[in-house]
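Report on the structure given below.
Numbers here simply count residues along the sequence, with the first being 1. Values below: all heavy atoms of this structure, side chains included; hydrogens, waters and symmetry mates excluded. Order of listing sets the numbers, starting from 1, for every ligand and every atom in it.
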Amino acid sequence: MKQVVARVLSNKKLSSGCYVMWLEVPEVALMVKPGQFVMVLCRGEGQTSPLLRRPLSVHRIDGDRLALLYAAVGQGTGWLAGRKTGGQVDVLGPLGNGFTIDAGAKKLLLVGGGAMGIAPMIAFADEAVDKGLEVTVLQGVRNADLLYPQDELPSSVTFEAATEDGSVGRKEFVTGAIAELSPDHDRIYACGPIPMYQAIAGNTLILSSKPTQVCLEQMMACGWGVCYGCTIKTQNGLAKVCQDGPVFDINDVVWDSVVDPRIGRV
Ligand code: FES
């Protein structure tokens, strides 16, 4: 883990409210793997607010550069959206464990729940394609405006969309699409809201023979195992999402004890 000042290479709006920021940051980019994250200081020199760094998944990796996907929804990410090419951003990372691909994996289903759930899946799709694996990326969103641009995906990836309003792709919740697509895949990887994981974990048809890894979002104060603020219950005892995760086997997590950071206990 390094704390470094990264140089902003670009920072552009991708879809409604979503931005991609490319950073030149060799100290982190050359070590990071998909599923890991960085803690970003979302304020300038001399400013004191927001106090805490913001955890962001690594969205893409290219040599000494990496990209972050974020939604400009508050003071911190609003500040981030205002950074221009050539500007500087203070970054701590890489943090967490990342996704793993076992030797028997051939056909992967990568699921992004919501506009931000897709964030770590694109770096992971790049890696899986490089390894010669078949990859389907499934994104579930409320409507077409929130979809990730397909022309940003590796060309060999199959893209599936599920929208709640039916404006593009399958008209259903993402969990329904996972159930339909999972029989044709041998591994599932997902990133999204806690209720999505709880629905997957409760669906024995999906999980019966599919090893499934999930990337958890939790409120994080430190991001590197010091504050215990991100602790969850697992089958093996308490675990810190920032250090033992954020990627877990779905069967290891005690789901009814996990707090959804967006809506409180579920
Ligand atoms: Fe502090 Fe995980 S965020 S221990």
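- Applying the ring pair (Phe, Tyr, Trp, His ring centres under 6.0 Å) test to pairs two or more places apart or on separate chains, those with a residue in residues 78-107 are F99-F124, F99-Y189.
- Electrostatic pairing of D90 and R53 counts as a salt bridge here, judged by a charged N lying under 4.0 Å from a carboxylate O.
- Around atom 1 (Fe) of ligand 1, the protein atoms of type N, O or S found under 2.8 Å away are C222 SG, C227 SG, listed by chain and number.
- Between I232 and T234 there is a side-chain heavy-atom pair separated by less than 4.5 Å.
- For the pair K240 and Y228, the distance from NZ or CZ to the six-membered ring centre is under 6.0 Å and the angle to the ring normal is within 45 degrees.
- Within the 4.5 Å cutoff, side-chain heavy atoms of V32 are placed close to those of I61.
- For T136 and E160, the side-chain atoms include no donor-acceptor pair closer than 3.5 Å.
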